[in-house]
Participant: 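Sharing a structure, written as structure tokens. Questions coming.
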Amino acid sequence: MLNRILICLVCFATSAFADPPQIVGVEVSGGRVSVTLAHADTGWDHYADGWRIESEDGTVIGTRELLHPHVEEQPFTRSLTVNDLPIGPLFIRAKCSVDGWSDARVPLPR
């Protein structure tokens with residue numbers, strides 16, 4: 001009986017503590033920014049639900065909200081059009097519905 005309980009706890013912990021969304025690609029064409037994310041989406045209870053463009057000091061330039069899980073579509077790419085991207089270093093940060101905004105940032109290529 002104890003073994004079954006331990007197995008259930010391990011399975012639950014593995015799915016509940018999925019890694020944050022990984023930014024696996026970023027492309028810029030004019031003001032259109034396309035970001036490819038990979039995340040162990042499990043469904044509506046835990047999925048990658050957004051990414052944003054931010055300046056070096058963390059000022060948010062634009063946010064792409066993701067409105068549904070992508071369980072069967074991994075990795076996936078979504079775009080955002082931002083007119084007049086500011087000059088200077090910019091970064092992409094991803095978010096999931098459980099863990100919030102990731103600490104990791106990826107530079108926006110220019």
Side-chain angles (χ1 to χ4, degrees):
M1 180 69 165
L2 181 59
N3 286 341
R4 287 184 189 171
I5 292 171
L6 290 175
I7 290 170
C8 288
L9 288 174
V10 168
C11 290
F12 174 76
T14 302
S15 64
F17 299 109
D19 291 330
Q22 298 298 305
I23 300 165
V24 297
V26 180
E27 291 184 25
V28 179
S29 179
R32 185 176 178 87
V33 178
S34 299
V35 173
T36 302
L37 297 178
H39 183 258
D41 288 10
T42 59
W44 290 102
D45 59 323
H46 192 177
Y47 67 99
D49 67 348
W51 57 265
R52 69 185 181 197
I53 304 166
E54 50 183 57
S55 65
E56 197 161 24
D57 68 2
T59 301
V60 177
I61 309 302
T63 302
R64 177 62 156 96
E65 187 176 356
L66 304 171
L67 300 175
H68 61 86
H70 296 87
V71 175
E72 302 296 327
E73 181 189 359
Q74 291 291 328
F76 63 96
T77 303
R78 296 298 180 267
S79 300
L80 175 68
T81 299
V82 180
N83 296 319
D84 302 323
L85 285 170
I87 296 173
L90 297 176
F91 302 88
I92 303 295
R93 186 184 306 264
K95 178 181 183 283
C96 84
S97 61
V98 170
D99 301 313
W101 293 102
S102 173
D103 291 333
R105 299 193 314 177
V106 171
L108 185 75
R110 299 292 193 129

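Remember, predicted model here, so these are calculated numbers, not experimental data.
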Participant: Quick check: do W51 and L37 have side-chain heavy atoms less than 4.5 Å from each other?
Facilitator: yes

Participant: Using every non-hydrogen atom in the two residues, find where G88 and R110 come nearest and quote the distance to one decimal.
Facilitator: O-NH2, 3.0 Å

Participant: Same hydrophobic cluster for V28 and F91, using side-chain heavy-atom links shorter than 4.5 Å among ILVMFWY?
Facilitator: no

Participant: Taking CG in D57 as the centre, count heavy atoms belonging to other residues, nucleotides or ligands within less than 6.0 Å. Is the count above 12?
Facilitator: yes

Participant: Hey, does R78 have a side-chain heavy atom less than 4.5 Å from the side chain of L80?
Facilitator: no

Participant: Can you give me the closest heavy-atom contact between S55 and I61, atom names plus distance?
Facilitator: N-CG1, 4.1 Å

Participant: Would you call V35 and V106 a side-chain contact if the rule is heavy atoms closer than 4.5 Å?
Facilitator: no

Participant: Over 60° means perpendicular and under 30° means parallel, so classify the ring planes of Y47 and W44, tilted if in between.
Facilitator: perpendicular

Participant: To the closest 0.5 Å, what do you measure between CD (Q22) and OG (S102)?
Facilitator: 7.0 Å

Participant: I need the R64 CZ to I53 CD1 distance, nearest 0.5 Å.
Facilitator: 11.5 Å

Participant: To the nearest 0.5 Å, tell me how far R105 CZ sits from R52 CZ.
Facilitator: 9.0 Å

Participant: Are any side-chain N or O atoms of H70 and backbone N or O atoms of H68, one a donor and one an acceptor, separated by less than 3.5 Å?
Facilitator: yes

Participant: Please name the pair of heavy atoms, one in P75 and one in T36, separated by the smallest distance, quoted to 0.1 Å.
Facilitator: CB-CG2, 3.8 Å

Participant: Go through it in stages, so that I can follow the logic: the residues are L85 and L108, the test is side chain to side chain contact (heavy atoms under 4.5 Å, CB included), and I'd like the CA-CA distance, side-chain angles, deciding distance and then a yes or no.
Facilitator: CA-CA 11 Å; L85 285 170; L108 185 75; 4.2 Å; yes

Participant: Check whether any side-chain N or O of D41 sits under 3.5 Å from a backbone N or O of P69 as a donor-acceptor pair, and report yes or no.
Facilitator: no

Participant: Within the supplied structure, the quantity of interest is the number of heavy atoms (other residues, nucleotides, ligands) at a distance under 6.0 Å from E72 CD; does it exceed 12?
Facilitator: no

Participant: Which residues pass the side-chain hydrogen bond (donor to acceptor under 3.5 Å, both in side chains) test with T63, not counting sequence neighbours?
Facilitator: none

Participant: For residues Q74 and A38, report the shortest heavy-atom separation together with the two atoms involved.
Facilitator: OE1-CA, 3.3 Å

Participant: What pair of heavy atoms forms the shortest contact from S97 to H46, and how long is it?
Facilitator: OG-CA, 3.4 Å

Participant: Hey, what do you get for CG (D49) to NE2 (H39), rounding to the nearest 0.5 Å?
Facilitator: 9.0 Å

Participant: What's the spacing between K95 NZ and W101 CH2 if we round to 0.5 Å?
Facilitator: 6.0 Å

